[in-house]
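Here is the structure we will look at, set down as structure tokens.
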Amino acid sequence: ETVEYIQEISFSGGHLFTYSERTGTAAAQMSDQVPFQVRKERNAQLREILADSTRKYQSQYINQTLPVLWESVTELDSKKWNLSGLTDNYIRVYSQAPTNYWNQISTVHLTGFGDHGIDGIIQANQ
């Protein structure tokens, strides 16, 4: 049921945690506990389905221009910075710029999937 639900909803992203018993809770005392290895396998399956859902969601924004808030910057050299930020719909975007745009919003054209997520080209800084 969970697999069908995740596929039906088409989430833009999410987090998963493998169930683990907590001493003193009602759930820890229930009979017929799912074996740990089965829990891990189910978690891996759901992570794969969620990753596919995330990629489908993000792909509809390729070739669009969106505002990005730069949350992380790393200086490559005196003339170039690596930037990582989020759009207002929580798509992680990566770009490079000749300026440190940390904590600033830039208009960015999303060009496609890169090594870490969506790559973009800064169009204008406000």
| Minimum heavy-atom separation for Gly85 to Trp70, with atom names? | N-CE3, 3.5 Å
| Considering residues, nucleotides and ligands other than Arg92, do more than 12 of their heavy atoms fall under 6.0 Å from its CZ? | yes
| Quick one: do the Asn43 and Arg47 side chains pair a donor with an acceptor below 3.5 Å? | yes
| Below 4.5 Å, heavy atoms only, C-beta onward: do Asn82 and Glu75 meet side chain to side chain? | no
| query | Is there side-chain contact between Phe113 and Ser59, with heavy atoms separated by less than 4.5 Å? | reply | yes
| said: Would you say CG of Asp32 has more than 12 non-hydrogen atoms from neighbouring residues, nucleotides or ligands within 6.0 angstrom? | reply: no
| query | Is there a donor-acceptor pair under 3.5 Å between the side chain of Ser53 and the backbone N or O of Ile49? | reply | no
| query | Do you know the tightest heavy-atom contact between Ala28 and Glu21? | reply | CB-CB, 3.9 Å
| query | Does a side chain donor of either Tyr94 or Asp115 reach within less than 3.5 Å of an acceptor in the other side chain? | reply | no
| said: By the definition side chain to side chain contact (heavy atoms under 4.5 Å, CB included), identify the one residue from Asn103, Asp88, Thr87 that meets it with Leu69. | reply: Asn103
| query | Roughly how far apart are Leu110 CG and Asn63 CG, rounded to 0.5 Å? | reply | 8.5 Å
| Rounded to the nearest 0.5 Å, how far apart are CE of Met30 and OG1 of Thr25? | 8.5 Å
| task | Check the surroundings of atom CZ in Arg39: do more than 12 heavy atoms from other residues, nucleotides or ligands lie under 6.0 Å from it? | result | yes
| said: Please say yes or no: joined through hydrophobic side-chain contacts below 4.5 Å, possibly via intermediate residues, are Ile121 and Val68 part of one cluster? | reply: no
| Taking side chain as C-beta onward, heavy atoms only, is Arg42 less than 4.5 Å from Thr2? | no
| request: Step through the shown structure and confirm whether more than 12 heavy atoms of other residues, nucleotides or ligands are within 6.0 Å of CD on Gln60. | output: yes
| message | Applying a strict under-4.5 Å side-chain criterion to I, L, V, M, F, W and Y, I'd like to know whether Tyr5 and Leu16 cluster together. | response | yes
| said: Please tell me whether Phe11 and Ile91 are part of a single hydrophobic cluster in this structure, the criterion being side-chain heavy atoms less than 4.5 Å apart. | reply: no
| message | Looking at every heavy atom in both Ser95 and Gly120, which two are closest together, and how far apart are they? | response | OG-O, 2.8 Å
| task | Compare all side-chain heavy atoms of Gln33 with those of Tyr19 and state whether any distance is below 4.5 angstrom. | result | yes
| query | Are Val108 and Val73 connected in a single hydrophobic cluster, I mean Ile/Leu/Val/Met/Phe/Trp/Tyr linked by side-chain heavy atoms less than 4.5 Å apart? | reply | yes
| said: Can you give me the closest heavy-atom contact between Tyr61 and Leu66, atom names plus distance? | reply: CD2-CD1, 4.0 Å
| In terms of hydrophobic clusters joined by side-chain contacts under 4.5 Å, are Tyr57 and Val93 together? | yes
| said: Could you report the tightest heavy-atom contact between Thr99 and Trp81, atom names first, then the distance? | reply: C-CD1, 3.5 Å
| What closest approach, in Å, do Ala97 and Ile122 show between heavy atoms, and which atom pair accounts for it? | CB-CD1, 3.8 Å
